[in-house]
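Remarks on the structure that follows.
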Amino acid sequence: MASSNLVDIHRCFKLKPSRLSVVFQCLVLGLIMLTLYQTLTMLGLVLSMLLLSLTYVFFLRQDQIQQLEQLNATEWTLCFKQSGQIRRITIDHMLDHHFYVVVYFQSKQLRPLIVWRDQLTEVSWKSLKTQVKFA
């Protein structure tokens with residue numbers, strides 16, 4: 001029974017909400033707003049803020065990936081949070097950027113998945129980084 005749980009830890013990645021991604025997004029938004037403040041008039045700045053806010057709300061409403069699970073060497077499944085949809089996919093490649101891992105899919109319909117370090121437990125994070133090195 002213990003070996004089954006060990007296999008699940010190394011093949012099933014349940015993603016939690018990430019605080020690091022929110023901090024990163026706020027920093028980028030701050031830099032964009034600072035640049036716009038220095039280059040645009042007040043009306044242009046207000047319109048830009050409105051457009052950025054609408055874009056961010058649209059981004060947040062998209063269906064987020066809740067779970068990534070390896071079936072075999074090449075096939076994986078994705079479980080989406082809002083719709084509950086489960087998709088069978090093939091991963092093209094993965095890139096490790098220390099604080100996050102980018103997962104690229106063969107299907108061009110799916111955007112690349114960014115998995116931040118704080119979305120997984122320490123054991124799952126190390127397992128994912130090992131997957132990246134051997135992929």
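Quick note: residue numbers are just sequence positions, from 1. What you see is a predicted model, and the numbers here were worked out from it, not measured in a lab.
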(request) Search all heavy atoms of His98 against all heavy atoms of Trp125 and return the closest pair with its distance. (result) O-CZ2, 3.4 Å

Check whether the side chains of [X] and [Y] place a donor and an acceptor atom closer than 3.5 Å, and report yes or no.
X      : Y      : result
Gln82  : Arg61  : no
Glu75  : Gln70  : no
Thr121 : Ser124 : yes

Nearest 0.5 Å, please: how far is [atom2] in [Y] from [atom1] in [X]?
X      : Y     : atom1 : atom2 : result
Arg87  : Ile65 : CZ    : CD1   : 9.0 Å
Ile114 : Leu15 : CD1   : CG    : 12.0 Å
Thr39  : Leu45 : OG1   : CG    : 8.5 Å
Leu40  : Ser48 : CG    : OG    : 5.0 Å
Thr55  : Leu51 : OG1   : CG    : 4.5 Å
Leu52  : Leu47 : CG    : CG    : 11.0 Å

(message) Using 30° and 60° as the class boundaries, would you call the ring planes of Trp116 and Tyr100 parallel, tilted or perpendicular?
(response) tilted

Check whether [X] and [Y] end up in the same hydrophobic cluster, where Ile, Leu, Val, Met, Phe, Trp and Tyr are linked by side-chain heavy atoms less than 4.5 Å apart.
X      : Y     : answer
Leu71  : Leu68 : no
Tyr104 : Trp76 : no
Val46  : Leu54 : no
Phe99  : Val23 : no
Leu36  : Met42 : yes

(request) Could you walk me through whether Val101 and Leu95 pass side chain to side chain contact (heavy atoms under 4.5 Å, CB included), step by step? (result) CA-CA 6 Å; Val101 170; Leu95 295 176; over 6 Å; no

Expected output: side-chain [X] to main-chain [Y] donor-acceptor under 3.5 Å:
X      : Y      : value
Gln66  : Gln64  : no
Ser83  : Phe80  : no
Gln119 : Lys16  : yes
Ser127 : Val123 : no
Asp118 : Leu20  : yes

(request) Answer yes or no: is there an ion pair linking Glu69 with Arg11, defined by an N-O contact shorter than 4.0 Å? (result)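 Salt bridge: no.
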
(request) Look at Asp96 together with Lys129 and state whether they make a salt bridge at an N to O cut-off of under 4.0 Å. (result) yes

(message) Please determine whether side chain to side chain contact (heavy atoms under 4.5 Å, CB included) holds for the pair Thr90 and Phe105, giving the CA-CA distance in whole Å, both sets of side-chain angles, and the decisive distance to 0.1 Å.
(response) CA-CA 6 Å; Thr90 302; Phe105 306 109; over 6 Å; no

Heavy-atom count around [X] [atom1] within 6.0 Å, excluding the residue itself: above 12?
X      : atom1 : value
Phe24  : CZ    : no
Tyr56  : OH    : yes
Gln109 : CD    : no

(message) Working note: Leu34 + Ile32, criterion side chain to side chain contact (heavy atoms under 4.5 Å, CB included); need CA distance, chi angles, decisive distance, verdict.
(response) CA-CA 5 Å; Leu34 180 66; Ile32 290 171; over 6 Å; no

(request) Test side chain to side chain contact (heavy atoms under 4.5 Å, CB included) on Leu128 and Leu120 and set out the steps. (result) CA-CA 9 Å; Leu128 181 63; Leu120 297 170; 3.8 Å; yes

(request) Report yes if some heavy atom in the side chain of Val102 is under 4.5 Å from a heavy atom in the side chain of Met94; otherwise report no. (result)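 No, side chains not in contact.
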
